[in-house]
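The figures here come from the full heavy-atom set of this structure, side chains too, leaving out hydrogens, waters and symmetry mates. The shown structure was predicted, so the numbers you read here are calculated from the model rather than taken from an experiment.
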Amino acid sequence: MNDYLFHAGEATVLAAEGQFTDAMPEILIGRTSGPVGQAFANMMAQTKGHTAMFAIRACNQLVRPATIIVPKVTLKDVANIDLFGGVVQSATADAVVDCLIEGTIPKALANELCIISLVWIDPRCAKDPNLDKKDMYRTNYEATKLAIRRALNNEPSVEELIANRHSIKHDMDDWS
C-alpha cells in the first residue's frame, strides 16, 4: 500500500541535437503533513540562494498538488530567470496536471500532497541565440512526468539497482 509519505524520483530527457536543453528534475512528493510538506514550507521562507517559485499554469492557476520548483544553480541574470519562470515553470505545471489527468497522481489526494522539483537550466541556454524553447518545454515536461511516475512507483527498484550494479556506469564521470 502506498502511504504517500515520502517518495523521491528523478529523470533525464536529452535535448534535441545542437541544444543545451537537457532536463533533469529531481522530485520529492509526499503528504503536506509529512516530511515533504515540512521541507516545502521551509522552502517558502528561504531568502538567500536558489530562488523557488510555485508551478502555475497561468496567473491564478496554481497546480495541485502544490508544486514548488527550485533551480539546482543560483540564477544570476534576467535571461535565466525568465527561462525558469517561463518555459520551465510552464512545462512543470503542465506535467503535474497531466499526471492528475492520467491517474499517476490520485485526484483524491491532490490537496493532501505537495511536490518539490529541483530543476536544471544549463547556463548556456540563456546565451544561445538559437535556443529552441519548444525543446526546452518538451524535455522539462517529459522528464517531470517521468520523475513523478518513478517517484510514486519507487523506481528503480532495489532489485533493479542490485542487478545492474556492475553493468551501468555514471554518465558524467564513472570512478567505479
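- The side-chain heavy atoms of Glu10 and Met24, taken from C-beta on, include no pair separated by under 4.5 Å.
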Throw together a table of side-chain donor-acceptor distances under 3.5 angstrom for residues 103-120, partners on residues two or more places apart or in other chains.
residue: Glu112; atom: OE1; partner: Arg31; partner atom: NH1; Å: 2.7

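- Distance CG/Leu28 to OG1/Thr67: 11.5 Å, rounded to 0.5 Å.
- The side chain to side chain donor-acceptor pair (under 3.5 Å) check on Glu26 picks up Lys72, with sequence neighbours excluded.
- For the atom pair NE2 (His7) and CD1 (Ile29), the distance works out to 8.0 Å, reported to the nearest 0.5 Å.
- Shown here are the side-chain contact (heavy atoms from CB on, under 4.5 Å) partners of Ile81, two or more places apart in sequence or in another chain: Leu75.
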(request) Would you check, one step at a time, whether the test side-chain contact (heavy atoms from CB on, under 4.5 Å) holds for Leu131 with Leu83? (result) CA-CA 11 Å; Leu131 174 65; Leu83 291 173; 3.7 Å; yes
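- A 4.5 Å side-chain heavy-atom check between Ile121 and Met136 finds at least one atom pair inside the cut-off.
- Distance check: Asp22 CG to Asp122 CG gives 7.5 Å after rounding to the nearest 0.5 Å.
- Remark: Arg124 CZ to Gln19 CD distance equals 11.0 Å, nearest 0.5 Å.
- With sequence neighbours excluded, the residues satisfying side-chain contact (heavy atoms from CB on, under 4.5 Å) with Lys134 are Asp132.
- Judged by distance alone, the side chain of Asn153 and the main-chain N or O of Glu155 form no donor-acceptor pair under 3.5 Å.
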Which pairs would a plain distance check flag for residues 87-101, meaning a side-chain donor or acceptor within less than 3.5 Å of a matching protein atom at least two apart in sequence or in another chain?
residue: Gln89; atom: NE2; partner: Phe54; partner atom: O; Å: 2.6
residue: Thr92; atom: OG1; partner: Val88; partner atom: O; Å: 2.8
residue: Asp94; atom: OD1; partner: Arg57; partner atom: NE; Å: 2.6
residue: Asp94; atom: OD1; partner: Arg57; partner atom: NH2; Å: 3.2
residue: Asp94; atom: OD2; partner: Tyr137; partner atom: OH; Å: 2.5
residue: Asp98; atom: OD2; partner: Tyr141; partner atom: OH; Å: 2.5

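- Taking CZ of Arg165 as the start and CD of Glu160 as the end, the distance is 14.5 Å to the nearest 0.5 Å.
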Would you mind writing out the side-chain donor-acceptor pairs for residues 32-39 within the sub-3.5 Å range, not counting sequence neighbours?
residue: Gln38; atom: NE2; partner: Asn42; partner atom: OD1; Å: 3.2

